[in-house]
Amino acid sequence: MIMSKRVLITGASGLLGRALFKEFESDASWDVLGLAFSRIKDPLRKVDLRNKDDVEQVIITFKPNVIIHSAAERRPDVVEKQEEATHQLNVAATQFICEAAVKVGAWVLFISTDYVFDGKNPPHAVGDLPNPLNKYGKSKLEGEKVTLSVNPGNALLRVPILYGELEYLEESAVTVLFTKVRATDTPCVMSDYERRYPTSCQDIAIVVRQLTECRLKDSSICGIFHWSGNEEMTKYDMAVDMAEVFGLPTNHIQRDKSASGGAIRPYNAKLDISRLEHMGITQRTPFKTAIKCVLERFMTN
Ligand SMILES: NC(=O)c1ccc[n+]([C@@H]2O[C@H](COP(=O)([O-])OP(=O)(O)OC[C@H]3O[C@@H](n4cnc5c(N)ncnc54)[C@H](OP(=O)(O)O)[C@@H]3O)[C@@H](O)[C@H]2O)c1
């Protein structure tokens with residue numbers, strides 16, 4: 001029986017980390033410590049996760065039961081150019097976290113990505129062999145391996161393209177499209193090729209808390225999990241939905257049927273989420289409902 005429940009969240013200033021922090025903070029039974037790096041706002045604590053001693057010190061002092069490791073370099077085009085810097089954060093820091101977690105008996109949930117798959121034979125089940133196509137996917141797969149090799153009792157949660165409460169529109173690969181959607185006088189082109197499953201960070205945060213609660217009751221819960229929205233969309237589809245929820249015209253948005261440029265992306269890395277569904281975890285908000293809440297304040301500025 002666990003008397004106190006302490007969760008440490010890395011990347012708590014990030015797109016997903018903010019939602020995770022809020023979700024655990026809203027439940028008084030959790031004592032939450034959120035870590036950040038450059039965007040330090042009270043109550044977040046600054047820790048450079050690439051520094052082994054600092055990582056060990058914060059974990060040994062706080063003694064979490066659970067660590068949600070969300071911090072990462074997650075921009076595929078940046079990773080292509082900054083492989084070594086990415087390795088430091090996505091792999092080496094993950095190792096520091098998992099090793100320190102062992103010292104205090106903490107369970108680590110590593111947030112990963114659908115980009116560990118090649119997207120050639122969807123839906124991808126938790127037991128399917130990953131085959132990342134780009135350096136970002138490779139670095140996250142390495143982070144996954146470290147997480148489970150340091151402690152096979154740890155877990156991974158793979159998620160697809162995310163959107164959530166924003167500091168600025170470009171923060172998410174989904175919401176960045178809105179810059180062009182709302183400029184209704186300027187024709188624009190949107191990719192209508194790769195299949196995506198945009199997922200709300202708020203939904204992921206609820207799923208993570210529910211999975212964590214299950215783990216505290218059942219210590220055999222470990223390994224690989226997937227969560228995802230269930231609406232298959234191209235970027236063109238997302239753009240049209242965004243326009244529709246705000247009553248904007250769509251005739252300035254044109255389809256581009258060719259593959260996206262930059263780092264190679266999987267065509268359809270749909271995740272099979274049945275493992276979590278069988279545990280009774282089902283949190284999903286329709287795209288139009290969730291995206292409207294996120295974008296509302298950007299309709300005027
Ligand atoms: N966004 C997506 O569409 C998407 C899709 C699939 C999977 N994921 C995965 O989801 C997780 C969260 O992604 P996200 O979108 O929330 O990322 P994000 O918004 O880019 O946030 C990255 C976080 O990492 C922190 N960080 C960066 N360098 C650090 C360092 N040296 N030491 C400590 N912290 C550092 C940042 O802190 P500061 O900002 O304070 O510097 C920030 O909180 C990642 O593991 C990512 O791979 C994301």
Side-chain angles (χ1 to χ4, degrees), residues 8-23 33-42 44-55 58-59 67-79 82 84-94 96-97 108-117 119 132 134-144 146-147 156-177 194 196-205 207-208 225-229 235 238 265-266 269-271 294:
L8 184 136
I9 299 168
T10 72
S13 54
L15 183 69
L16 177 60
R18 289 199 292 275
L20 291 166
F21 187 81
K22 219 174 179 178
E23 177 62 25
L33 176 60
L35 306 186
F37 180 54
S38 60
R39 289 176 285 176
I40 306 298
K41 271 189 219 150
D42 192 44
L44 302 184
R45 172 123 24 117
K46 178 169 179 145
V47 174
D48 184 347
L49 297 173
R50 297 165 300 183
N51 184 313
K52 187 178 183 187
D53 293 342
D54 291 355
V55 168
V58 73
I59 290 175
I67 299 173
I68 313 294
H69 181 27
S70 183
E73 176 49 72
R74 49 89 169 166
R75 296 164 297 173
D77 299 327
V78 171
V79 176
Q82 298 179 13
E84 183 45 39
T86 298
H87 182 88
Q88 291 302 313
L89 184 59
N90 291 8
V91 185
T94 302
F96 302 154
I97 290 165
V108 178
L109 177 63
F110 176 78
I111 305 293
S112 193
T113 171
D114 57 349
Y115 278 22
V116 297
F117 292 116
N134 59 36
K135 289 179 182 171
Y136 166 64
K138 285 177 186 156
S139 77
K140 292 297 288 185
L141 180 59
E142 265 194 84
E144 290 189 354
V146 161
T147 304
L156 323 171
L157 178 66
R158 297 180 182 138
V159 298
I161 186 170
L162 302 178
Y163 62 94
E165 214 177 282
L166 296 167
E167 289 181 353
Y168 50 95
L169 280 176
E170 293 74 16
E171 212 180 353
S172 144
V174 176
T175 55
V176 68
L177 307 177
E194 288 99 349
R196 297 282 174 255
Y197 301 84
T199 301
S200 145
C201 287
Q202 215 178 334
D203 285 351
I204 299 282
V207 166
V208 165
F225 296 87
H226 291 167
W227 192 255
S228 170
K235 287 191 173 172
M238 295 178 215
R265 269 102 166 145
K270 180 178 186 175
L271 296 169
V294 165

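Just so you know, ligand 1 is whichever comes first in the structure, and atom 1 is the first atom listed for that ligand. Every value quoted in this text rests on a predicted model; they were computed, and no experiment measured them.
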Quiz item: Any idea which protein heavy atom is nearest atom 16 (O) of ligand 1, and the distance to it?
Solution: L16 N, 2.8 Å
Practice problem: Please verify whether a non-hydrogen atom of Y136 lies at under 4.0 Å from ligand 1. | Solution: yes
Quiz prompt | Cation-pi geometry met for R50 and F37 (6.0 Å, 45°) | solution = yes
Practice problem: Around atom 41 (O) of ligand 1, find the nearest protein heavy atom and jot down its residue, atom name and distance. | Solution: S38 OG, 2.6 Å
Practice problem: Could you grab the distance from atom CD1 of I204 to atom CD1 of I111, nearest 0.5 Å is fine? | Solution: 7.5 Å
Practice problem: Could you tell me the residue and atom name of the protein heavy atom closest to atom 31 (N) of ligand 1, and the distance to it rounded to 0.1 Å? | Solution: D48 OD1, 3.0 Å
Quiz prompt | Winner among G14, A12, G34, A36 once heavy atoms are compared against atom 21 (O) of ligand 1 | solution = G14
Exercise. Only one of D203, T199, T175 passes side-chain contact (heavy atoms from CB on, under 4.5 Å) with L162; say which it is.
Key: T199
Exercise. Check whether any N or O atom of T113, backbone or side chain, sits under 3.5 Å from an N or O atom of ligand 1, and answer yes or no.
Key: no
Quiz item: Would you say ligand 1 has an N or O under 3.5 Å from any N or O of L15?
Solution: yes
Quiz item: Within a radius of less than 6.0 Å around CD of E144, do more than 12 heavy atoms belonging to other residues, nucleotides or ligands occur?
Solution: yes
Quiz prompt | Heavy atom of the protein closest to atom 34 (N) of ligand 1 (residue, atom name, distance) | solution = F37 CB, 3.5 Å
Quiz item: What about S70: any of its N or O atoms under 3.5 Å from an N or O on ligand 1?
Solution: yes
Exercise. Please report which non-hydrogen protein atom sits nearest to atom 20 (O) of ligand 1, along with the residue it belongs to and the distance in Å to one decimal place.
Key: R74 NE, 3.1 Å
Exercise. Report the nearest protein non-hydrogen atom to atom 33 (C) of ligand 1: residue, atom name, distance rounded to 0.1 Å.
Key: V47 O, 3.2 Å
Quiz item: For ligand 1, is A173 a contact, meaning one of its heavy atoms is under 4.0 Å away?
Solution: no
Exercise. Could you tell me whether some N/O pair between V159 and ligand 1 is separated by less than 3.5 angstrom?
Key: no
Practice problem: Count the heavy atoms of every other residue, nucleotide or ligand shown that sit under 6.0 Å from CZ of R45, and state whether that count exceeds 12. | Solution: no
Quiz item: Under 3.5 Å, N or O to N or O, is E171 touching ligand 1 that way?
Solution: no
Practice problem: Decide, yes or no, whether a salt bridge links K135 with E142 under the criterion of side-chain N to carboxylate O below 4.0 Å. | Solution: no
Exercise. Would you tell me whether E73 and T86 have side-chain atoms, one donor and one acceptor, within less than 3.5 Å of each other?
Key: no
Quiz item: Any heavy atom of S112 sitting closer than 4.0 Å to ligand 1?
Solution: yes
Practice problem: Do me a favour and list the nearest non-hydrogen protein atom to atom 37 (O) of ligand 1 with residue, atom name and distance? | Solution: S13 OG, 3.2 Å
Self-check item: ligand 1 to P160 polar contact by distance, N or O atoms, under 3.5 Å
Solution: no
Self-check item: Polar proximity ligand 1 side, H69 side, N/O cut 3.5 Å exclusive
Solution: no
Quiz prompt | For atom 27 (C) of ligand 1, the protein heavy atom that lies nearest, with its residue and separation | solution = L89 CD2, 3.7 Å
Exercise. Check whether the side chains of S139 and H87 place a donor and an acceptor atom closer than 3.5 Å, and report yes or no.
Key: no
Practice problem: Tell me which one of L44, I204, L162 gets a heavy atom nearest to atom 4 (C) of ligand 1. | Solution: L162
